[in-house]
Amino acid sequence: MSDDAVPLASLSLTHVNYDPTDRLSYLCAWLALIPQGLCVVYATLIWSTREAEVALLFAGQLGCEALNFALKRLIKEERPRRMNGKGYGMPSSHAQFVAYFAVSMALFLLLRHRPPHPRVRRRNHTPMGLPERACWSALGLAMAAAVAWSRVYLNYHTEKQVLVGAAAGAVSAVGWFVVTEILRRSGWLAWALENPVAKFLRVRDLVVEEDLCQAGWEKWDDKMTALKAKEKKTR
């Protein structure tokens, strides 16, 4: 083994430069980690729920990232002079990522999600009404705006790069929503769910009509009700 010192590389996936004397800069550093956190959420939900809608959302997210990769190498615009970060800056990948996610969630909650009316109470669960879904959509869009703004504050991107990234993410979300709607209405999604591989993986498509928190809840509620009834009989 050679005694020469080997220069070490940095895994910069979660590496964020910020001003330690500025509390707002510190907050922005945490906001910059939201895309990585969302990837963990994607993986967790896909594995735990096996929902087709979640998998389709993630597929669109990967396509949005591929588009950002291509645009950066096509436009080749540098980052700000006082830059923090490597590679090209146009468009901002962070802004594009969160814009896609936030717009996709808003489209799902406001246009595709069809839960029972809030007055139709199922056991001890009340479905979300339109005002509540609108609030969650607005919260997601506000989160996306905060992440995009943080990239400018931390000097990773210019305002233009962030705006273009957000626009690309929003357009990608709308375009993918249209594609998935065509897949649903044409019956292609239903056909895919009948595939032996999909059945083996227990893939389902329930979240369009019920909340994720409702999945399995009624079965658990039945079990607890039966257990309590059994305990009363033994007393």
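Atoms considered below: every heavy atom in the structure, side chains included; atoms not considered: hydrogens, waters and symmetry mates. Note that the structure is a prediction, hence the values are computed from the model and not measured. For this chain, numbers begin at 1 and follow the sequence in order.
Within the 4.5 Å cutoff, the side chain of Asp205 has heavy atoms near those of the Arg184 side chain. With a 4.5 Å cut-off on side-chain heavy atoms, Leu107 and Arg112 do not count as touching. Residues Leu57 and Met105 form a side-chain contact, since some pair of their non-hydrogen atoms from C-beta on lies under 4.5 Å apart. Looking only at side-chain heavy atoms (C-beta outward), Leu111 and Phe177 come within less than 4.5 Å of each other. The shortest side-chain heavy-atom distance between Gln161 and Pro91 does not fall under the 4.5 Å cut-off. At a threshold of 4.5 Å between non-hydrogen side-chain atoms, the residues Met90 and Arg79 do not count as touching. Using a 4.5 Å heavy-atom threshold, the side chains of Trp47 and Tyr42 count as separate. Pro131 places none of its side-chain heavy atoms less than 4.5 Å from the side chain of Trp136.
Checked for salt-bridge contact, Glu51 and Arg204 miss the test: no charged N lies under 4.0 Å from a carboxylate O.
For the pair Arg151 (side chain) and Val147 (backbone), a donor-acceptor distance under 3.5 Å is absent. Looking at Gln96, its side chain never comes within 3.5 Å of a backbone N or O of Ala167 through a donor-acceptor pair. His94 places no side-chain N or O within 3.5 Å of a backbone atom of Pro35 that could act as its donor or acceptor partner. The closest donor-acceptor contact from the side chain of Trp176 to the backbone of Leu56 lies under 3.5 Å.
Leu163 and Val152 fall into different hydrophobic clusters, where Ile, Leu, Val, Met, Phe, Trp and Tyr are joined by side-chain heavy atoms under 4.5 Å apart, directly or via other members. Hydrophobic clustering of Ile, Leu, Val, Met, Phe, Trp and Tyr side chains at less than 4.5 Å, counting indirect connections, keeps Val40 apart from Leu38. Leu189 and Val178 are members of different hydrophobic clusters when ILVMFWY side chains are connected at heavy-atom separations under 4.5 Å. Hydrophobic clustering (side-chain heavy atoms under 4.5 Å, transitive across Ile, Leu, Val, Met, Phe, Trp, Tyr) groups Leu45 together with Phe58. If you chain together hydrophobic residues whose side chains sit under 4.5 Å apart, Phe101 and Val41 fall into the same group.
Of the inter-residue distances, the one linking Arg133 atom CZ with His113 atom NE2 reads 6.0 Å to the nearest 0.5 angstrom. Note: Ser137 OG to Glu132 CD = 10.5 Å, rounded to the nearest 0.5 Å. Separation of atoms NZ (Lys76) and CG (Leu71) is listed at 13.5 Å; rounding is to 0.5 Å. Rounding to the nearest 0.5 Å places OG of Ser150 at 9.5 Å from CG of Leu24.
Counting non-hydrogen atoms of other residues, nucleotides and ligands closer than 6.0 Å to CZ of Arg73 gives a total above 12.
Of all non-hydrogen atoms in Leu154 and Ala29, the two that sit nearest each other are CD1-N, 3.9 Å. Of all non-hydrogen atoms in Met143 and Val98, the two that sit nearest each other are SD-CG1, 4.3 Å. Considering every non-hydrogen atom in both Ala102 and Ala144, the closest pair reads CB-CB, 3.8 Å. When all heavy atoms are compared, the tightest approach of Arg50 to Arg202 is CB-O, 3.1 Å. Val162 approaches His157 most closely through the heavy-atom pair CG2-CB, 3.8 Å. The two atoms that bring Ser93 and Glu65 nearest to each other are O-OE2, 4.0 Å, heavy atoms only.
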Inset, instruction - Kindly indicate, with the supporting measurements, whether the criterion side-chain contact (heavy atoms from CB on, under 4.5 Å) is fulfilled by Ser172 and Leu67. - result: CA-CA 9 Å; Ser172 298; Leu67 175 63; 3.5 Å; yes
Inset, instruction - Go through the steps for Ser104 and Gln61 under the test side-chain contact (heavy atoms from CB on, under 4.5 Å), then give the verdict. - result: CA-CA 9 Å; Ser104 293; Gln61 188 81 71; over 6 Å; no
Inset, instruction - Decide yes or no on side-chain hydrogen bond (donor to acceptor under 3.5 Å, both in side chains) for Tyr100 and Asn68, but give the supporting numbers first. - result: CA-CA 11 Å; Tyr100 167 87; Asn68 180 268; over 6 Å; no
Inset, instruction - Using the side-chain contact (heavy atoms from CB on, under 4.5 Å) rule, take Leu33 and Gln36 through it: C-alpha gap first, then chi angles, then the decisive distance, then the call. - result: CA-CA 5 Å; Leu33 299 179; Gln36 289 90 329; 4.2 Å; yes
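For Trp149 and Tyr153, the side-chain atoms include no donor-acceptor pair closer than 3.5 Å.
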